[in-house]
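Comments concern the structure below.
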Protein chains: 2
Amino acid sequence: MESRTAVTCCRPLLAGRLTIAESQAIAPVFRVLGEPARLQILSAIAAQPAQEVRACELVESLGLAQPTVSYHLKLMFEAGLLAKERRGTAIYYRLVQEQLAALRAVLG
Amino acid sequence: MESRTAVTCCRPLLAGRLTIAESQAIAPVFRVLGEPARLQILSAIAAQPAQEVRACELVESLGLAQPTVSYHLKLMFEAGLLAKERRGTAIYYRLVQEQLAALRAVLG
DNA sequence: TATCAATATTGATGATCGTCGATAAACTCA
DNA sequence: TGAGTTTATCGACGATCATCAATATTGATA
């Protein structure tokens with residue numbers, strides 16, 4: 001389950017001037033990365049052997065309230081950085097590598 | 001003239017769990033990228049033949065007030081994304097490619 | 001020194017953000 | 001169906017942010 005289309009649409013930042021529309025499409029994704037708790041969530045997922053994590057595990061390991069974690073997960077999902085899948089009671093989140101690669105491309 | 005040491009210090013996001021200190025060091029740099037006007041400034045600099053731009057040129061081309069542009073430039077300078085140099089009356093800003101490369105590395 | 005041009009800072013504003021408690025919703029299983 | 005578990009949403013709060021007008025600062029030049 002994914003949400004936003006990848007930012008792959010956009011030229012690299014350094015290859016010609018961005019239009020207003022382009023900058024408005026890319027900026028929110030970087031802004032989502034601009035929060036320590038969210039970076040920790042991403043790295044926590046990457047550190048899992050299965051490359052995925054249940055939301056409730058993050059609540060324990062981040063030391064944040066459950067609604068706060070849910071809020072961060074929602075933002076990253078909407079930014080196309082995370083995919084989610086329901087299995088039983090739990091919801092598993094995993095990284096969307098394509099979106100991370102797209103961001104690398106924008107920076108290069 | 002540069003300010004912040006590169007975020008090159010940090011392991012890639014996907015190579016093991018970030019410490020709180022690491023995430024708090026990296027996040028502000030991404031947050032600075034999370035604003036359309038600032039992305040436009042970066043791309044505007046990259047689009048210049050000389051790879052640099054005078055602050056006053058940006059005021060004209062961005063359609064923002066001069067204090068606003070100065071504010072954005074300051075944030076990017078402090079984030080290590082821009083370097084500046086005074087020549088005569090004007091101050092020229094250019095990209096710090098090392099910092100952009102460091103961010104790519106964090107994402108990969 | 002005085003004036004001018006370019007940039008930075010200050011102070012104020014409305015808007016957005018991160019956080020949490022309380023509550024709702026979704027799903028499983030007995 | 002009903003109880004239990006997991007996740008999402010709501011409402012409110014303090015804090016931070018982007019923006020601008022006004023003003024200060026810096027450096028060049030007459």
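Residue numbers begin at 1 in each chain, while the letters A, B, ... track the order of the sequences.
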Taking only the side-chain nitrogens and oxygens of [X], find out if one of them lies under 4.0 Å from OP1 or OP2 of [N].
| X | N | result |
| --- | --- | --- |
| B:R38 | D:dA18 | yes |
| A:R31 | C:dT16 | no |
| B:K74 | C:dT9 | yes |
| B:H72 | D:dC17 | no |

Considering only side-chain heavy atoms of [X], which listed nucleotide, [options], is closest?
| X | options | result |
| --- | --- | --- |
| A:S70 | D:dC17, D:dA8, C:dC17 | D:dA8 |
| A:I91 | D:dT7, C:dA8, C:dC20 | D:dT7 |
| A:L64 | D:dC17, C:dT19, D:dA8 | C:dT19 |
| B:T68 | D:dT6, C:dA8, D:dC20 | D:dC20 |
| A:P67 | C:dT9, C:dT16, D:dT9 | D:dT9 |
| A:C56 | D:dG27, D:dT7, C:dT7 | D:dT7 |
| A:A65 | D:dT26, D:dT6, C:dG21 | C:dG21 |
| B:Y93 | D:dC17, C:dA8, C:dG18 | C:dA8 |
| B:T89 | D:dA21, D:dA28, C:dT7 | D:dA28 |

>> Taking A:Y92 as the starting point, is it possible to reach A:V96 by hopping between hydrophobic residues whose side chains are less than 4.5 Å apart?
In response: no
>> Assess the residue pair A:H72 and A:L64 against the criterion (side chain to side chain contact (heavy atoms under 4.5 Å, CB included)); give the C-alpha distance rounded to whole Å, side-chain angles, the decisive distance to 0.1 Å, and a yes or no.
In response: CA-CA 10 Å; A:H72 287 312; A:L64 292 172; 4.3 Å; yes
> Touch check for B:L58, heavy atoms < 4.0 angstrom, all strands: base, sugar-phosphate only, or nothing?
Replying inline: nothing
> Which part of the nucleic acid, if any, lies within reach of A:Y92 when heavy atoms closer than 4.0 Å are counted: base, sugar-phosphate only, or nothing?
Replying inline: nothing
Rounded distance [0.5 Å steps], [atom1] in [X] versus [atom2] in [Y]:
| X | Y | atom1 | atom2 | result |
| --- | --- | --- | --- | --- |
| A:L33 | B:S23 | CG | OG | 12.0 Å |
| B:E60 | B:R54 | CD | CZ | 8.0 Å |
| B:L81 | B:Q97 | CG | CD | 10.5 Å |

> What integer distance in Å separates B:E78:CD from D:dT16:P?
Replying inline: 15 Å
>> Rounded to whole Å, please give me the gap between CZ in B:R54 and C1' in D:dA28.
In response: 14 Å
> Is there a donor and acceptor pair, one atom on the side chain of A:Q66 and one on the base of D:dA8, closer than 3.5 Å?
Replying inline: yes
> Toward the 5' end of DNA chain C, which comes first, A:L75 or B:E57, by nearest nucleotide?
Replying inline: B:E57
